[in-house]
Number of protein chains: 2
Amino acid sequence: MSTHPDQAERPATIHDIAALCGVAASTVSRALSTPERVNVRTRARIEEAAAMLNYTPNSQAKALSSGRTGAVGVLVPDITNPFYFDLIRGTQLQLKAAGYTQLLVDTEESDEVEASAMEQLRKGADGIIVAASRLSDEVLLAAAAKIPVVAVNRDVPGVPAVIIDTPSATSQALDHLISLGHTRVAYVAGPVSSQSSERRWTALSEAAEARGVEAHRLGPFAPTTQSGAAAADAAVHSRVSACIAFNDLIAIGMLQRLRERGIRVPEDMSIVGCDDIFGADFCNPPLTTMASPIEQAGRVAVSMLLARLNPLAGGARRSRSVMPTHLTVRGSTGPAPQDR
Amino acid sequence: MSTHPDQAERPATIHDIAALCGVAASTVSRALSTPERVNVRTRARIEEAAAMLNYTPNSQAKALSSGRTGAVGVLVPDITNPFYFDLIRGTQLQLKAAGYTQLLVDTEESDEVEASAMEQLRKGADGIIVAASRLSDEVLLAAAAKIPVVAVNRDVPGVPAVIIDTPSATSQALDHLISLGHTRVAYVAGPVSSQSSERRWTALSEAAEARGVEAHRLGPFAPTTQSGAAAADAAVHSRVSACIAFNDLIAIGMLQRLRERGIRVPEDMSIVGCDDIFGADFCNPPLTTMASPIEQAGRVAVSMLLARLNPLAGGARRSRSVMPTHLTVRGSTGPAPQDR
DNA sequence: AAACGTTTGGCAATCGGTTGTCAAGAATTG
DNA sequence: CAATTCTTGACAACCGATTGCCAAACGTTT
């Protein structure tokens, strides 16, 4: 069947090692997973044989018999949204460091796809990290009861979470705009299913009231540059002098649209984005935005999940971690126009 | 152990279905995987029971007994490089449509990480798609002998590949620059291990010679915006009036650096990028670049791989597919300066 | 030297499916 | 109605590990 019948084309198994060493397969298994329970000399022989045969444990078989898959699912609403790049990279690095495999799934901004992915992963992964979940509180909670889940940017009591503290940054952004003389500000809302959009609006409207400035709400808008065009038109129509956008994609889309319409940024209109994604620093003008350590958020999420999976390893087992956010001022915000 | 001892918390297995229908587990397995070999009525009962129990096959067990994992590994050098976003999305969509799971791995631009990931995936996946492989021809060929591999942007005889035809676009870019009056052009090279960088330089230098213009080679540079700064300085020093960069990341980095140094684009220097990544259209100035259907490239790669995995399904079993590339002219290229 | 406790290693069941083999039953045919 | 073919479904081995259980071998203590 093979070109070299006598040469083992097929990956080595513990049985091959066992045969080579003259021990039982179970001994090999123990020697490799519970070294202290096997005679030093035997173990040495086994390890030598394993190295010689270039042995790699079959993860499928391991998963089947042990129940642990060594994989963690990472669910994001849209892979092509740059915001998730850093998050994905953070989870990837941390997971790999811990010897886990990352199963990345794009849920296409759909709660159904998300739910089915979770059901799928229930057997295919040891745990799940879900970013910006579109699921209802109840469904998410139910899912978390079946498989360890860590949510990112989604706050549901009972579900461990990493929260990126954009609401507080929103207030900073408002103060920044107020200090520039703006008195009529719009919040360009994200998808209705986005909890963070909701929380940000709450923070913003409260802060605006406390400071005595007008806060309008526009949207909802899809978190893409395309919908930024509609957002820009809405903003112009609402006669505000500054906008705080749900995220940088929308903000960048607004920048483009305003430029097309001949509306100068920041002279005629100031724009604040959120996330400090790739591109925020080199768009035209560079975007004032709310930045947070996203990659770190991914790493923290993994740590929280792994602490739950391996309780023995100690660890504070936090169930909630808040990532700080700060305002990064660039060129898209400036003094309010004086035309009134 | 559970809060509801009488309720099946554990996912249903074929044995549960078999018990419910009064048939053997193997019959259930056949009914679900080889429906035509089971009595219609029995099959209907089984399917009904499966639906009732909310049965999902255990992929681990399936993989173990059948040898097929239903997963495909996708290896990219750097997840945070926007170029790969669309590629990843293309593979993800096409794989999901075919019922496969995508295992995404960031090889960190390292041939060693890439090789070990391949070895790992040899048992954990049915096939591998590797983008911009850093491996040597021999190693890649050896890997392809062990597990079906489709390479993207890597041309090794014997390894099926999807090639993005940037060399021909490079000539287009050169013609574009020549028509603008440029006579001294630099190629800003990518990593030495990148085959596409090499092929592009070959195409460019030949085209330049044929057209009687000077072509300089700068670099190598890492494919990041950071190294674009060094590239910009090198370009200025080499006194060329136009640059064709290995990719958009470098080009965008150059744009930023040139701006810092007060060198105007395109008045003093024209820049051409490659890939038309996210951001290329809204940087300042918008980047003239070589665009190709990257997402489609991902989909084609998956199709080629799956055709190999399931030969029965027919399909032309192409072993090489070339994706067209065209020049997208934006604001970063303009007439050559007249100062000489 | 006997009794004891402790390692150490092998057997076999198990995870949840797939698949080859084969016999019983149904359908078709002569 | 009997013979034959086909269909259908049950049994059991197997994929590659893990793991509970038990017995053999070892060293220690009295």
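Treat the numbers as computed from the prediction; the structure is a model and nothing was measured. In what follows, chains carry the letters A, B, and so on, assigned in the order in which the sequence lines appear, proteins first and then strands, with residues in each chain numbered from 1.
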Rounded to the nearest 0.5 Å, how far does CD1 of A:I128 lie from CG of A:L121? 4.5 Å

Heavy-atom side-chain contact between A:E295 and B:T80 under 4.5 Å: no

For residues A:R308 and A:S319, determine if any side-chain heavy atom of one lies less than 4.5 Å from a side-chain heavy atom of the other. yes

CG/A:L87 to CD1/A:I294 distance, rounded to the nearest 0.5 angstrom? 7.0 Å

Is any side-chain N or O of A:T42 closer than 4.0 Å to OP1 or OP2 of C:dG9? yes

Salt bridge (charged side-chain N to carboxylate O under 4.0 Å, His left out) between B:D86 and B:R299, intermediate numbers included: CA-CA 10 Å; B:D86 287 323; B:R299 286 215 292 269; over 6 Å; no

Please report the C-alpha distance between B:E119 and B:R122 in whole Å, then the side-chain angles of each, then the deciding distance to 0.1 Å, and finally whether the salt bridge (charged side-chain N to carboxylate O under 4.0 Å, His left out) criterion is met. CA-CA 5 Å; B:E119 186 58 34; B:R122 187 172 155 197; 3.4 Å; yes

I'd like to know whether B:Q94 forms a side chain to side chain donor-acceptor pair (under 3.5 Å) with B:S303, so could you lay out the CA-CA distance, the side-chain angles of the two residues, the decisive distance to 0.1 Å, and finally the verdict. CA-CA 8 Å; B:Q94 194 77 355; B:S303 299; 3.3 Å; yes

Separation of C:dT14 P from A:Q60 CD (nearest whole Å): 23 Å

Within residues 16-41 of chain B, those residues having any heavy atom closer than 4.0 Å to DNA chain C are B:S26, B:S29, B:R30

B:R68 CZ to C:dG16 C1', straight-line distance once rounded to whole Å: 15 Å

Please list, in 5' to 3' order, the outermost nucleotides of DNA chain D lying under 4.0 Å from any heavy atom of chain B. D:dT8 to D:dG16

Within a strict 4.5 Å, meaning less than it, do heavy atoms of the A:Q102 and A:I88 side chains meet? yes

What is the distance, to the nearest angstrom, from the NZ atom on B:K62 to the P atom on C:dC15? 19 Å

